[in-house]
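This report refers to the structure that appears directly beneath it.
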Amino acid sequence: MADPELAAPPMAEIAAASPDDLEPPICRAHIRDILAAGGALAGQRVIVGGWVRTGREQGHGTFAFLQVTDGSCLATLQVIVQAAVHPLARLTAAGTSVLVEGELRRPPEDSKKATVAIELRVDRVIEVGETNPATYPLPKGNIALDTLRDVVHLRPRTNTISAIARIRHQLACATHRFFDENGFLYVHTPIITTSDCEGAGEMFQVTTLFSQAEKLEELKENPAPSEADIEAAKLIVKAKGDAVAQLKAARASSQEVSASVSELTKEKENVLRLEERSKLKPGIPIKDDGTIAFENDFFKRQAFLTVSGQLQVETYACALSSVYTFGPTFRAENSHTSRHLAEFWMVEPEIAFANLQDDMNCAEKYVQYLCQWLLDHCEEDIEFISKKYEKNGRHDQTAINRLKLVSSTPFVRISYTTAVDILKNVEGHEFQNKVEWGIDLASEHERYLTEVIFKKPVIVYNYPKEIKAFYMRLKDCCCYGCSCATGW
Ligand SMILES: NC(=O)C[C@H](N)C(=O)O
C-alpha cells in the first residue's frame, strides 16, 4: 500500500519559504495516490484538480456526485459537493475542470452502492472551468478513434489515449531503469544527421531551401538590384569617402569626422546588402549541371531526420563500452500499414566486448523486464486496452497472460537455417510468402514460429548476410571489442 501520508513534506516546506508577493503553491494530491492508499487516507484534507467525467445531482438537488479524473490513473475519484458550497449545475457537465478542497472519507456504511473505498467531501471550490454540454465534443459513451482525430485537443482526456500515454511513460521509465541497472550509459544521438544508417534511402530531408525559395518569391514584386543600382551605390560610397578625407585634411572637429565616418559605413553596408541581394534568384537554386545547389542550404549539404542512432552510438560503445540510445526515428517508407510508422521511438543498445550470446541475453532480459514492469505498474490500463481492443471482442486476459508468459519463460533460440527447415516442413498451412532459404522471414513466418510451433518468444540468429544491413557483424568476425556492429 502506498504511504498514507499524502501531502508531500518538501512541498509544505517550500510553501513556508515562498515569497509573500505570490499566491501559496496549490500542492495538489494525485488521484492515483489517493486511490492506491484507499481507506487509509480517511480524514485527511486534500486539494484535487481534474476534469469531470460524469456528474449528477442527487437528493433533490441538495448535493452532486462527480466522477473526476486527473489522468494520473484510469479510475476516477468520487467527489461529493453540497449545493451550499457551489451551484451544482455549474459542476456536473462532462469536461468541467475543477480544483476543489475537502476531506477524504470512507463512504457511509449503509450506502448500498458503496463501490469505492474512499471519496472526497468538498467544502471549498477553488476553481471551475465550465463547459457547455451542448458543444462539448466528447460524448459520454464510446467514441471511435477516427472521430477523435477531429478533436485533437481533447483526445488525451479519453480513457484510451490516456491509458496509452501512461503505458508509454512506464515503458520509457522501465527502459532507462533496465539499462542503468545493467551498467549502460544513455547517449543522446543526433536527430538531424547527414548519414543514412540503414542505407535504404528512406529518409525525410531537412532543408531550408524551400522556405528560402518561398521568401524569394517576393523578388518577383520587388526585383533584385541591377548592376547600375550597385554602381550608383558605390559612387555614393566614394563621395562619402572623399568627404571624410576633406574633413580630416581641414582638421575638422572629431565629432564632425566621426559623423561623416558613420555615414560612410552606412553606405558601405548598403553596397554589401545590394550585392548579396543581386545574387538572389527565385526558386530552388540549381547548378549548371542541373543538380540542386545544396551548398546554399542551411548545413551547406544535404541533411536528414535520423532513421537510427546506431552509427553514432557505436562510436560511444567504442569508448564507454555499454551504451544505448533511445529517441525518435523517422522513416519515409512508402508502406502505409499499422507496422510502418513515419515516426517512432527506438531503443538501440551497443555493447563492446560482447558476442551474439551476450546480445541475445541482453535482449531477452530487457523484453522480460518490460513485461514484468507493465504487470507491476500498468495492469489496470493494459486490462482496459485489452478489453476494449482485443480482437473478437474477447473480454479475456489475453494481453495480461501474454505479458506473464513472456516475462517468465526463457526464449527459444534457433538459427535461421533451423527456422527455415521448421517452416518448410509445416503441413496443413499455406504461407502467403513461400519459405525458402535466403528469404527475409515475413511476420506471418515469425508469428507461426512463436504462436503455433513454440508458443513462446523465439530469437532467430545467424541470418544470411545478403538480407542484413551492411553494419551487421559477420559470423566469423569475432575479435572481441572490435568495432563491428552487433545487430540484434
Ligand atoms: N541498432 C540496430 O541494429 C537497429 C537498426 N539500426 C535498425 O534501424 O533497424
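In each ligand, atom 1 is the first atom listed, and ligand 1 is the first ligand listed.
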- request: Show which atoms of ligand 1 fall inside a sub-4.0 Å distance from at least one heavy-atom site of E348.
  value: 1 (N), 2 (C), 4 (C), 5 (C), 6 (N)
- request: Give the atoms of ligand 1, by number and element, whose distance to some non-hydrogen atom of M346 is under 4.0 Å.
  value: 8 (O)
statement: So the side-chain hydrogen bond (donor to acceptor under 3.5 Å, both in side chains) pairs with at least one residue in residues 202-212 (sequence neighbours excluded) are T207-D297, T208-Q212, T208-D297
statement: Note: ligand 1 atoms sitting under 4.0 Å from heavy atoms of R331 are 7 (C), 8 (O), 9 (O)
Sub-4.0 Å heavy-atom approach of M472 to ligand 1: no
Donor on one side chain, acceptor on other, Y136 and T96, under 3.5 Å: no
message: Treating T131 as the side-chain partner and P133 as the backbone partner, does any N or O pair qualify as donor plus acceptor under 3.5 Å?
response: no
task: Run the ring-centre check on Y448 versus F431 and record whether the distance is less than 6.0 Å.
output: yes
- prompt: Touching ligand 1 at all, K468? Heavy atoms, strictly under 4.0 Å?
  reply: no
query: Against heavy atoms of Q310, which atoms of ligand 1 measure under 4.0 Å?
result: 1 (N), 2 (C), 3 (O), 4 (C), 5 (C), 6 (N)
- request: Return yes if a side-chain donor-acceptor contact under 3.5 Å exists between D376 and Q372, otherwise no.
  value: yes
- prompt: For ligand 1, which atoms have a heavy atom of S308 less than 4.0 angstrom away?
  reply: 6 (N), 8 (O)
Pair up each side-chain donor or acceptor in residues 180-192 with any protein partner under 3.5 Å, not counting sequence neighbours, and list the distances.
residue	atom	partner	partner atom	Å
E181	OE1	Y369	OH	3.2
E181	OE2	Y369	OH	3.1
N182	OD1	K365	NZ	2.9
N182	ND2	F178	O	2.8
Y186	OH	F326	O	3.0
T189	OG1	T325	OG1	2.9

